[in-house]
Amino acid sequence: MSFLDKFKGQKPAWCPGCGNFAILNVLKRLFTEMELDPSEITIVSGIGQGAKTPHYTKCNTFNGLHGRTLPVATGIALANNKTHVIAIAGDGDCYGEGGNHLLHAMRRNINITLFVHNNQVYGLTKGQASPTSMPSLQSKTQPFGNPSEPLNPLALAIAMNCSFVARAFAGASGLPQLQELMKKALEHKGFAMIDILQNCVTFNKINTFHWYKERTYRLEENYDPGDRISAFSRSLEWGDKIPLGLFYKNERPVMEDNYPMLKEGCLAAMEFDQKEVFHREMVKFF
Amino acid sequence: MSFLDKFKGQKPAWCPGCGNFAILNVLKRLFTEMELDPSEITIVSGIGQGAKTPHYTKCNTFNGLHGRTLPVATGIALANNKTHVIAIAGDGDCYGEGGNHLLHAMRRNINITLFVHNNQVYGLTKGQASPTSMPSLQSKTQPFGNPSEPLNPLALAIAMNCSFVARAFAGASGLPQLQELMKKALEHKGFAMIDILQNCVTFNKINTFHWYKERTYRLEENYDPGDRISAFSRSLEWGDKIPLGLFYKNERPVMEDNYPMLKEGCLAAMEFDQKEVFHREMVKFF
Amino acid sequence: MDITIRIGGEAGQGLQFIGSVLARIFSRNGLHVFSHQDYMSRIRGGHNFYQIRVADHPVRASKNRIDILLALDENTILVHRDNLRAAGVIIHDSAMTGQEHDEADFLHIPFLEMTEKAGVTRQMANAAAIGAILGVLGLDLDLFPETIRDFLANQGNEVVASNLAIAQMGWEYSHSNGWPESLKFSPANRKGLMLINGNQAVGFGALVSGCRFLSAYPMTPSTGIMIYLAGKAEEYKIIVEQAEDEIAAINMALGASFGGVRAMTTTSGGGFALMAEGLSLAGMAELPLVIAEVQRPGPATGLPTRTEQGDLLFVLHCGHGEFPKVLFTPGTPGQAISLTNKAFELAEKYQVQVIIQSDQFLADSEWTYEETHDCFLNYNDYRDRSENSGEEEYKRFALTENGVSPLAVPGLSTRLVVVDSDEHDEEGHIIEDSETRNKMVAKRLLRKMPLLQEEIAPPEYYGHDNPTLLLVGYGSTYGIMHEAVDELADEVNIALLHFSEVWPFPVAKDYDFMAAVSRAELAVCVENNATGQFARLIRAETGFLFKASIRKYDGRPFLLEPFLGEVDELLGQV
Amino acid sequence: MDITIRIGGEAGQGLQFIGSVLARIFSRNGLHVFSHQDYMSRIRGGHNFYQIRVADHPVRASKNRIDILLALDENTILVHRDNLRAAGVIIHDSAMTGQEHDEADFLHIPFLEMTEKAGVTRQMANAAAIGAILGVLGLDLDLFPETIRDFLANQGNEVVASNLAIAQMGWEYSHSNGWPESLKFSPANRKGLMLINGNQAVGFGALVSGCRFLSAYPMTPSTGIMIYLAGKAEEYKIIVEQAEDEIAAINMALGASFGGVRAMTTTSGGGFALMAEGLSLAGMAELPLVIAEVQRPGPATGLPTRTEQGDLLFVLHCGHGEFPKVLFTPGTPGQAISLTNKAFELAEKYQVQVIIQSDQFLADSEWTYEETHDCFLNYNDYRDRSENSGEEEYKRFALTENGVSPLAVPGLSTRLVVVDSDEHDEEGHIIEDSETRNKMVAKRLLRKMPLLQEEIAPPEYYGHDNPTLLLVGYGSTYGIMHEAVDELADEVNIALLHFSEVWPFPVAKDYDFMAAVSRAELAVCVENNATGQFARLIRAETGFLFKASIRKYDGRPFLLEPFLGEVDELLGQV
Ligand SMILES: Cc1ncc(C[n+]2csc(CCOP(=O)(O)OP(=O)(O)O)c2C)c(N)n1
Ligand SMILES: Cc1ncc(C[n+]2csc(CCOP(=O)(O)OP(=O)(O)O)c2C)c(N)n1
Ligand code: SF4
Ligand code: SF4
Ligand SMILES: [Mg+2]
Ligand SMILES: [Mg+2]
């Protein structure tokens with residue numbers, strides 16, 4: 001059975017040429033190579049084009065609200081540690097509507113892998129500026145271009161001491177690295193984020209496939225992702241040259257380790273004895 | 001008339017010894033020294049102890065919801081540029097409930113001065129961990145201490161390329177600098193943030209007045225706030241030594257300059273001719 | 001003459017372009033139009049359609065039976081063929097549909113071939129299709145050039161010229177084709193009509209009410225309002241700010257309102273849900289605010305591009321705590337213009353929050369109107385711009401007889417404006433005592449409610465005075481009810497009662513409308529939802545219990561024939 | 001014996017400590033207690049009080065008239081003196097109040113001097129005050145040591161011993177003071193009673209229902225529930241997670257619910273408002289969820305530490321779109337325990353959202369109960385843990401006869417659980433077609449509603465069968481209505497009808513409660529709000545229009561004497 005069968009999902013509703021196809025494919029290939037069963041994976045997503053991804057493969061799926069991917073993923077990861085919890089979000093979803101959750105998920109350093117399909121635009125709602133849109137992106141709601149400074153997700157993540165911070169590109173040249181980073185992220189203990197540059201053929205005429213292709217390059221072989229300051233400094237590179245790779249990584253404790261109630265394993269699998277609890281606790285009100 | 005008269009407000013409901021008193025006093029003194037009239041100031045605040053500040057002085061006031069200080073301030077600043085718009089928020093207010101708005105206010109670089117009364121705890125609701133609480137802070141809702149990494153507001157702001165990023169301390173040793181920074185922040189064109197370390201005598205028994213006093217020191221005279229990388233690196237200092245001062249500053253365009261409709265001044269003061277608009281636009285539907 | 005044209009195809013094929021150009025050409029020809037859109041939540045592929053009813057008399061709803069089907073793909077033919085009337089026509093290009101059709105009701109036109117011949121892009125096939133439809137209808141291309149120019153203004157003269165050339169080819173092809181007279185128009189009156197959809201109407205209503213600030217987060221099907229106003233922003237000095245989320249959107253609007261300008265926010269149900277706390281803040285701080293909520297089917301993300309009246313009771317009761325609120329539910333773009341204007345007036349006059357509830361059906365439906373004057377519009381500046389007189393300090397929440405306190409603007413005088421989300425005293429400072437609380441609740445809620453109620457117009461009654469069947473509804477069902485009354489008036493005593501101002505619930509002033517409801521042999525509550533929310537509201541307010549209802553909750557609007565069928569069935573029960 | 005003790009002072013003086021230790025000592029003495037708290041939104045200063053009614057029979061409401069006033073500051077005397085009954089006593093230390101009082105009803109006790117003599121902290125004056133009150137009441141200090149140990153467990157034996165020594169001094173001082181017999185208790189039955197407040201009751205209810213996950217953002221007056229469960233988290237393996245905001249709180253809880261555990265979130269009105277969208281998501285995804293909404297007066301921040309029943313209709317209709325929902329409004333801590341249990345059961349059984357609406361008054365009020373058994377509790381694991389049988393794939397939203405689909409847990413089998421906020425098919429994947437939409441609305445809404453209605457218990461009727469006056473209410477007004485019925489039963493035919501399960505609105509099964517309402521000469525709707533929300537709900541559901549009401553919206557609960565006064569006035573009108 002090829003990965004296309006095992007992880008075959010619904011027919012994608014994306015535009016032909018959309019960068020999301022490549023990401024989806026890499027994801028399926030990775031699952032296959034990691035010999036995962038669909039039931040060992042849970043994908044949580046929000047609303048947007050990228051957020052439709054879980055429907056197009058096979059896995060446990062919580063396709064929730066726009067912007068609320070990470071709290072849902074957090075709840076799942078705490079209640080039930082039996083599956084890999086992957087969060088998939090768009091740039092609007094994750095850096096716009098859901099920005100606050102991103103900050104706090106990073107602080108928690110909970111075991112979640114976040115893939116941001118960053119096409120620097122609101123795709124599903126037809127082309128408005130997203131938090132990562134370039135100033136020159138004009139739209140019907142931004143006739144003067146995007147008036148705000150584009151958000152730099154990597155710099156932000158490094159400032160938040162996120163324990164795994166990477167960038168990849170969903171074009172052919174970037175796919176092997178994307179898969180490699182995804183694998184590392186899934187194996188990472190703690191919160192891992194990959195910002196994936198993804199072209200939107202319909203609404204982003206600035207950051208096209210070629211635009212990315214010409215600018216992106218891999219961080220040097222000897223680059224040290226352990227150095228937070230230099231990670232920050234590299235994260236500021238954007239323009240003619242855009243580095244890809246694992247920018248920053250640390251080994252700080254994951255949230256699950258701070259919680260004694262998780263020491264005995266999966267909450268969802270525990271038994272409950274109502275009578276015992278009732279009698280043990282009732283007396284304390286006397 | 002002393003500043004205490006001109007800017008006299010309601011009687012504060014803070015605990016005796018609370019660091020908020022000092023901040024309030026500095027604020028009043030600064031307003032007086034800047035020869036501002038109360039009507040030239042608008043303070044926007046949320047809900048929390050620090051957020052009560054505007055009631056305790058004299059000024060236009062929008063004491064809104066917990067966490068929503070910055071969007072309100074943004075709306076005011078865009079609609080009406082006749083007053084200094086100051087946002088006052090707690091660490092819970094600004095980095096917790098309102099975290100997303102902070103990110104995007106920084107991106108907008110709108111003319112707002114933000115003072116965060118950062119006591120590293122939820123004061124008004126009786127001592128729960130805030131986003132900046134130290135891991136050792138235990139409370140009735142965090143019996144195992146704060147399980148998440150404390151948020152570093154300065155690093156975050158620098159990563160967001162906030163155009164004015166400073167830290168001050170609300171203890172006697174820090175007050176002259178606090179006032180000086182507040183003045184600079186008010187004069188700054190763009191979004192300016194000062195994270196003010198403020199002791200909470202009642203609920204934060206870790207980061208006490210003395211704790212701060214022993215650790216804080218001023219950034220060197222020759223420190224260059226124009227260097228983003230070194231600003232980031234200094235922002236990571238926290239522990240035995242905590243630097244105070246202006247960490248980072250840039251001169252990027254403010255949002256108001258990106259909007260052609262603001263070129264002619266204050267929207268709130270403009271006239272409106274209904275008939276003319278109606279007839280001019282009605283025909284376009286034919 | 002009353003022709004229904006359905007244009008179907010995949011997302012991204014340009015059917016919205018074809019539809020809106022056609023609708024505009026019709027209205028400029030003095031023809032009446034009713035159009036509606038049915039589209040999926042995707043950018044390319046899938047199946048969408050745009051439906052236009054064009055007639056020589058006013059039309060207010062869509063039909064199920066199609067006269068002309070323009071099929072941009074084969075799927076359109078599969079899905080819609082059954083709806084084609086006898087002697088209707090299916091226009092298609094078999095090179096696009098990938099399938100030959102030689103049945104009598106098919107008209108193959110080689111659109112793609114035309115573009116190839118002309119050496120223009122495939123996309124321009126759409127102009128050929130427009131020309132072809134005009135040809136079938138016996139309309140000429142006179143108005144095509146100026147109309148296409150309005151749509152493609154930014155693409156230069158050359159593009160306009162090529163479009164015209166291609167349209168001409170389509171027109172020639174179909175015009176010569178001897179179509180039944182029943183499809184032909186001979187527009188007597190070429191005085192153009194106004195063509196406007198529900199979203200534009202709310203935007204236009206805001207514009208002519210002096211709205212200076214719109215903060216919103218994009219959300220289908222409300223985004224059109226934002227787009228309309230963004231297009232006017234520079235000329236009329238309006239800030240249109242895309243917020244980071246809906247919570248920011250409403251709080252920014254409240255900041256702007258506090259700052260002294262007329263402010264609004266727009267959203268759909270999910271975004272409105274996020275505004276609930278901000279709405280309550282507006283209530284407490286007595287900040288004028290207008291919100292347009294354009295509904296789509298829920299719960300949650302639901303059917304993002306479709307229609308429903310599922311949020312009535314949610315929106316009506318939204319916000320914790322108690323504060324006055326006004327809710328309008330326009331049934332037509334015309335009502336949407338005037339009610340949006342009334343919304344801004346009431347919001348500022350009483351310092352309250354006014355919500356305009358619309359839905360995807362109304363938002364995307366185009367209606368035509370004859371020229372109107374501005375007489376139905378109001379603009380009063382209710383802000384208080386005077387300086388403090390003498391000794392007395394300005395008090396933002398001064399206890400006045402009618403509960404409305406002077407509304408000063410910060411920075412425009414030395415008056416200090418203090419507002420608070422906590423309970424407060426007259427100056428706006430936090431209080432906790434029982435007496436002040438009671439006074440403030442009386443001021444901001446109990447005294448204002450009856451005043452607001454006074455402002456509310458009664459529902460519109462139309463039809464027979466002593467009806468056997470009375471259709472009762474609100475919001476976007478106006479059109480379908482109106483059509484049903486017109487259609488059936490000859491056969492049965494029928495009437496409609498339509499509420500476009502639902503809260504405060506209207507009281508019987510000019511006429512006792514509830515008596516009319518009781519008088520009817522059968523009163524039927526018509527709603528585009530599953531649980532009968534409007535019927536519940538009427539019962540809560542009047543005690544009246546509907547015995548019959550017509551409901552629909554599949555995300556689609558009522559169409560005329562099935563609706564008449566349901567009415568018929570109910571008539572059978574009387 | 002029925003004594004009301006009010007303990008007043010500034011925030012931070014420790015009156016909550018005094019009050020709760022006293023209440024516990026009383027209940028351990030087998031005495032019945034009803035307490036409530038009145039406090040400001042500040043940490044130090046201002047004016048707060050803690051009121052305890054202690055009696056040898058069950059008590060269910062607070063009185064206005066005080067028997068014993070413990071004044072920790074002079075302001076307390078100024079504010080409350082008028083409420084002191086004849087021959088009541090005001091206990092104070094003039095060194096604390098800064099004022100000498102030599103009127104007959106004052107008892108000066110040198111609390112501070114006692115602490116100085118004993119060489120302990122000033123704070124321990126509170127123990128002296130506790131001792132003094134016990135002395136006045138003629139109760140001994142037997143139960144003091146163990147009780148104080150429970151409160152100060154973490155402070156070591158020495159502190160407990162000093163507290164006891166100081167309490168002894170206070171007791172000696174007051175005991176010897178010859179107080180009127182009318183203040184004396186002689187507890188016959190020393191079998192201790194259970195003492196529990198509304199917040200603890202919800203927390204305890206959740207604990208015994210197998211709740212494993214609480215995510216919440218702190219918000220007065222709901223935080224007590226979170227604190228209760230956080231204290232049990234380690235022992236019973238419960239995650240209590242403080243979220244970054246309320247939106248995260250509800251979405252985390254939904255994640256946990258999807259993950260297969262019983263989950264809840266707690267908040268007050270403003271936080272609930274932020275959860276509106278998440279609630280709608282839960283509705284669409286059919287995720288079991290329990291929410292406790294502990295009301296405070298709004299709108300907006302309002303009066304953060306006070307009480308109101310202002311959110312009924314908001315919460316009931318909350319969330320865009322249409323989905324089933326259950327709303328419970330317990331009137332007592334006892335009801336809160338069993339209804340919280342029922343909430344978890346129904347939530348999982350029907351995969352719906354159940355809201356427990358409480359308020360600050362109930363949350364902070366302590367009630368006493370005799371020992372009960374666990375017979376009123378249920379626990380059923382409704383999750384489906386089986387593997388796929390044979391060929392057929394698991395479908396999260398399988399169309400079943402009753403609308404309830406099997407609820408699998410991800411990762412615990414090879415079944416794939418797919419949920420979606422969009423409209424979806426049986427497997428959980430996005431759809432847009434009309435047929436599936438109709439089926440899913442029928443499944444999740446129309447079919448479940450009647451089943452849920454079946455589960456709802458009718459309101460509780462208490463009092464005369466053919467009453468002149470019937471008090472109708474819901475939630476925390478239970479106690480005051482009950483007291484009024486007991487108080488007035490001798491004089492007038494009176495009864496109460498109390499709704500603790502308000503949605504789905506109960507149907508007349510066992511008895512026709514609305515007939516009882518109509519039968520009463522005067523039915524009075526009792527509500528702690530300004531607009532009569534419950535009366536509106538009753539009208540919407542039954543058509544019944546109340547002609548009389550008793551309302552209060554100053555942030556304070558009903559107190560017995562003024563309430564009886566209002567009832568009296570209404571009786572005059574019958
Ligand atoms: C609360 C809410 N607000 C707004 C929307 C409308 N909406 C859906 S997707 C989206 C933005 C999509 O942008 P992004 O997250 O970047 O995803 P993309 O489509 O570009 O992949 C918006 C605004 C929504 N569904 N819910
Ligand atoms: C929506 C909402 N959630 C929760 C609260 C309760 N609340 C009020 S202030 C506060 C936190 C205060 O912490 P911080 O902002 O740090 O201010 P401080 O009191 O420490 O100055 C909370 C949780 C609220 N008022 N509104
Ligand atoms: S609109 Fe853009 S992001 Fe969405 S499917 Fe099309 S190409 Fe992809
Ligand atoms: S609780 Fe803390 S922050 Fe609040 S007033 Fe007291 S000392 Fe200040
Ligand atoms: Mg995007
Ligand atoms: Mg704080």
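We name chains A, B, ... by the order of the sequence lines, and we start the count at 1 in each one.
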So how far is it from C/L207 CG to B/R280 CZ, rounded to the nearest 0.5 Å?
-> 9.0 Å
Taking every heavy-atom pair that is under 4.5 Å apart, which of C/A243, C/G210, C/S27 has the most such pairs with chain B?
-> C/G210
Heavy-atom distances under 4.5 Å only: say whether B/M282 touches chain C with side chain, backbone, both or neither.
-> both
Gap between atom SG of B/C266 and atom CG of C/L412 - 0.5 Å precision | 5.5 Å
Got B/C59 and C/L416 here, is their nearest side-chain heavy-atom distance under 4.5 Å?
-> no
For C/Y379, is it the side chain, the backbone, both or neither that has a heavy atom under 4.5 Å from a heavy atom of chain B?
-> both
Looking at B/K52, B/M255, B/Q274, which one has more heavy-atom pairs under 4.5 Å with chain C than the rest?
-> B/Q274
Chain B contacts, top residue of C/I250, C/N341, C/V261 (heavy-atom pairs, under 4.5 Å) | C/V261
Checking heavy atoms, do the side chain of C/R212, its backbone, both or neither come under 4.5 Å from chain B?
-> both
Chain B heavy atoms under 4.5 Å from C/R383: which part of the residue, side chain, backbone, both or neither?
-> side chain
Taking all non-hydrogen atoms of both residues, which atom of B/S39 and which atom of C/S413 are closest, and how far apart?
-> CB-O, 3.7 Å
Given a strict heavy-atom distance threshold of 4.5 Å, which part of C/A285 is in contact with chain B: side chain, backbone, both, or neither?
-> neither
Of all the residues in residues 87-103 of chain B, which have a heavy atom that comes within less than 4.5 Å of a heavy atom in chain C?
-> B/N100, B/H101
OG1 (B/T42) and CZ (C/F258) are apart, to the nearest 0.5 Å, by 5.5 Å
So with a 6.0 Å cut-off around NZ of C/K232, is the heavy-atom count from everything else above 12?
-> yes
Aromatic centroids of C/Y369 and B/F285 separated by under 6.0 Å | no
Distance-only side-chain donor-acceptor flag, B/H55 / C/D420, under 3.5 Å = yes
Distance, nearest 0.5 Å, that separates CZ of B/F286 from CD of C/E370 = 9.0 Å
Quick one: of C/S421, C/G259, C/G411, who has the most non-hydrogen atom pairs under 4.5 Å with chain B?
-> C/S421
N-O pairing of B/K58 and C/E427 below 4.0 Å | no
Among B/N60, B/V72, B/I41, B/I76, who wins on heavy-atom pairs under 4.5 Å with chain C?
-> B/N60
What part of C/R262 gets closer than 4.5 Å to chain B, counting heavy atoms only: side chain, backbone, both or neither?
-> neither
Winner by heavy-atom pair count (cut-off under 4.5 Å) against chain B, out of C/D381, C/I238, C/L377 = C/L377
Could you look at C/I337 and say if it's the side chain, the backbone, both or neither that has a heavy atom under 4.5 Å from chain B?
-> neither
Go through the atoms of C/N378 and report whether side chain, backbone, both or neither lie under 4.5 Å from a heavy atom of chain B.
-> backbone
Tell me the residues of residues 61-68 of chain B whose non-hydrogen atoms fall below 4.5 Å from those of chain C, in number order.
-> B/T61, B/F62, B/N63, B/G64, B/L65, B/R68
With a 4.5 angstrom heavy-atom cut-off, could you sort out which part of C/E235 is near chain B: side chain, backbone, both or neither?
-> side chain
Can C/Y236 and B/E281 be counted as having a side-chain donor-acceptor contact under 3.5 angstrom?
-> yes
Checking salt bridge (Lys or Arg N to Asp or Glu O under 4.0 Å) for the pair C/E244/B/R107: CA distance, chi angles, key distance, verdict?
-> CA-CA 10 Å; C/E244 56 270 26; B/R107 290 183 53 225; over 6 Å; no
Structural part of B/E276 lying under 4.5 Å from a heavy atom of chain C | neither
Among C/D422, C/L254, C/D245, C/D150, who wins on heavy-atom pairs under 4.5 Å with chain B?
-> C/D245
Hey, are the side chains of B/P71 and C/I247 touching, using non-hydrogen atoms and a 4.5 Å cut-off?
-> no
Note: vs chain C, highest number of non-hydrogen pairs under 4.5 angstrom among B/E264, B/K263, B/K284 is B/E264
Let me see the working for B/Y259 and C/E234 under side chain to side chain donor-acceptor pair (under 3.5 Å), right down to the final yes or no.
-> CA-CA 8 Å; B/Y259 276 138; C/E234 187 166 4; over 6 Å; no
With rounding to the nearest 0.5 Å, note down the distance linking CZ in C/F213 to CG in B/L78.
-> 5.0 Å
By a 4.5 Å heavy-atom criterion (distance strictly below it), what part of B/L70 contacts chain C: side chain, backbone, both, or neither?
-> neither
With a 4.5 angstrom heavy-atom cut-off, which part of B/F278 approaches chain C: side chain, backbone, both or neither?
-> both
